[in-house]
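First the structure, in the form of structure tokens, and then the observations on it.
Owing to the predicted nature of the structure, the values given are computational and were not obtained by experimental measurement. Quick note on labels: first sequence line is chain A, next is B, and so on, each numbered from 1.
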2 protein chains.
Amino acid sequence: MQSGADSSNGTTLRRHGSLTATVHTQLEAMILRGDIAPGERLNEQFLSSQLGVSRGPVREAARLLEQDGLVTSVANQGAFVRQLSLEDALELYDLRATIAGYACSCLATRATESDLTELRALVQKMQDCIDSDEEETYFRLNLLFHDRIAVLSGASRTARIYSALDKQVRLLRRRVLRGDESMRFSNEEHREILAAIESGDAGRAREAAEKHHINGKRRWINTL
Amino acid sequence: MQSGADSSNGTTLRRHGSLTATVHTQLEAMILRGDIAPGERLNEQFLSSQLGVSRGPVREAARLLEQDGLVTSVANQGAFVRQLSLEDALELYDLRATIAGYACSCLATRATESDLTELRALVQKMQDCIDSDEEETYFRLNLLFHDRIAVLSGASRTARIYSALDKQVRLLRRRVLRGDESMRFSNEEHREILAAIESGDAGRAREAAEKHHINGKRRWINTL
DNA sequence: AGTCATCTGGTTGTTGACAATCTGACAACA
DNA sequence: TGTTGTCAGATTGTCAACAACCAGATGACT
């Protein structure tokens, strides 16, 4: 719950100039954090007063969130935080796997030594988390690992779409506790992805990434 | 009632649709038609007076177009019709190929007889266009064929993304004259895609679709 | 009692005005 | 002559008020 105007981030986030961008970021965080539950409506007036802006930027931010797939808006009724059906979830996982596969295949053909160093470090950090049983940090690093792959692939649209899909996935498993075994298997797959990228074999990288994501899907299904 | 949401693709001029939606459709058409050239700015004031609305809906529509990838907006400077670099174009083709491959693999596992009938009819019509040398119509049917596959695949996000990528591609080859030979090869590939879907073999469908799109990419490159 | 029309409060849709910012040009100056 | 400061115009960013619209409640009528 944000009291009053700012207080959220100490420094006023005015740098981008556009309030819309700020509001977009804030609302996205609220939704991903679960402050606004799936199915709930984004009340423009309430949110605008909460964030200390007028309804204009809130409306524009809502449009952005709709394109991000985080909310659906109904004419004359407003924007609602998306509630994903099981079918939606399954498609989401598969599609994300496909996109990730493409990103990895791109990266395999262009990764610099610096890129590889960065990814290796992430895998190592994740291993440390497993050893010291820090699930929360592992979860964060895991997101970062895949995000970095998408970005480093140089395919900007691909990275953007992957990021959007990732947020939608987080919509349905906000608090995922993978468990020790899952983390171990998962990071093993990360190693395979990394090895495939290092080898420069685009096809192998693609398959490794797809398999990893599909396994993630299966792990999620098993938690139902 | 299922109002709003998405995907009644193309002209969704509902009786009372919001102005934002109308403006979005109009601007999209203008851009795709080339009325507003790549690199050109979308002047909010001019467009709003041109379309007989205020700047609000125009601004919101511009946000939508940005998410569609048709324009890029700069803070305090406005929205500009996107100018695609060669790299952009190459990624676009590859990514679209990947997405199309996924859509086809989905459709292969769920296509109804009615779906197949529709697609067969489209392929036949395209053949007629080739025989009577109607490139313009062939071009339109070609777009429709791939769009229908995406929609019939049942993967709504996938269809949406494919549609967006498709519009971006059209941004860089508004007037493509494929030539007789190209059309013939292209439709032959359509047949192969259709056959793969009919066979129910997801992997084969995926490969056929990917190959078709990659060949399309090559055909485009050859025109440079 | 049940069905339908109407009313009302609240919310979104739209607008025109005002503030902040950028672009380009002109003029002052070293 | 080349650089820099300043200004005017245009354009985007934001706001608060008004209009259109929907959902639910109330009440009349059969």
Exercise. Is any side-chain N or O of A/Asn43 closer than 4.0 Å to OP1 or OP2 of C/dT11?
Worked result: yes
Problem set entry | Phosphate-side-chain proximity, A/Thr20 and D/dG13, N/O vs OP1/OP2 below 4.0 Å | no
Nearest to the side chain of [X], heavy atoms from C-beta on, is which of [options]?
{"X": "B/Asn76", "options": "D/dT11, C/dT21, C/dT11", "value": "C/dT21"}
{"X": "B/Gln77", "options": "D/dC15, C/dT23, C/dG13", "value": "C/dT23"}
{"X": "B/Arg59", "options": "D/dT12, D/dC15, D/dC22", "value": "D/dT12"}
{"X": "B/Glu44", "options": "C/dT15, D/dG13, D/dT14", "value": "D/dG13"}

Over how many whole Å does the gap from [X] atom [atom1] to [N] atom [atom2] extend?
{"X": "A/Leu51", "N": "D/dT14", "atom1": "CG", "atom2": "P", "answer": "13 Å"}
{"X": "B/Leu42", "N": "D/dT11", "atom1": "CG", "atom2": "P", "answer": "13 Å"}
{"X": "B/Arg55", "N": "C/dA20", "atom1": "CZ", "atom2": "C1'", "answer": "12 Å"}
{"X": "B/Gln45", "N": "D/dG9", "atom1": "CD", "atom2": "P", "answer": "15 Å"}
{"X": "A/Glu60", "N": "C/dT12", "atom1": "CD", "atom2": "P", "answer": "16 Å"}
{"X": "A/Leu19", "N": "C/dC18", "atom1": "CG", "atom2": "C1'", "answer": "15 Å"}
{"X": "B/Phe80", "N": "D/dT11", "atom1": "CZ", "atom2": "P", "answer": "11 Å"}
{"X": "B/Arg41", "N": "C/dT21", "atom1": "CZ", "atom2": "C1'", "answer": "13 Å"}

Exercise. Would you call the rings of B/His190 and B/Phe145 parallel, tilted or perpendicular if under 30° counts as parallel and over 60° as perpendicular?
Worked result: tilted
Problem set entry | Residues A/Leu27, A/Val71; criterion side chain to side chain contact (heavy atoms under 4.5 Å, CB included); working and verdict | CA-CA 11 Å; A/Leu27 290 183; A/Val71 308; over 6 Å; no
For this session: Say whether, by atom type as modelled, one donor and one acceptor occur between the side chain of A/Glu91 and the main chain of B/Thr158 under 3.5 angstrom.
Result: yes
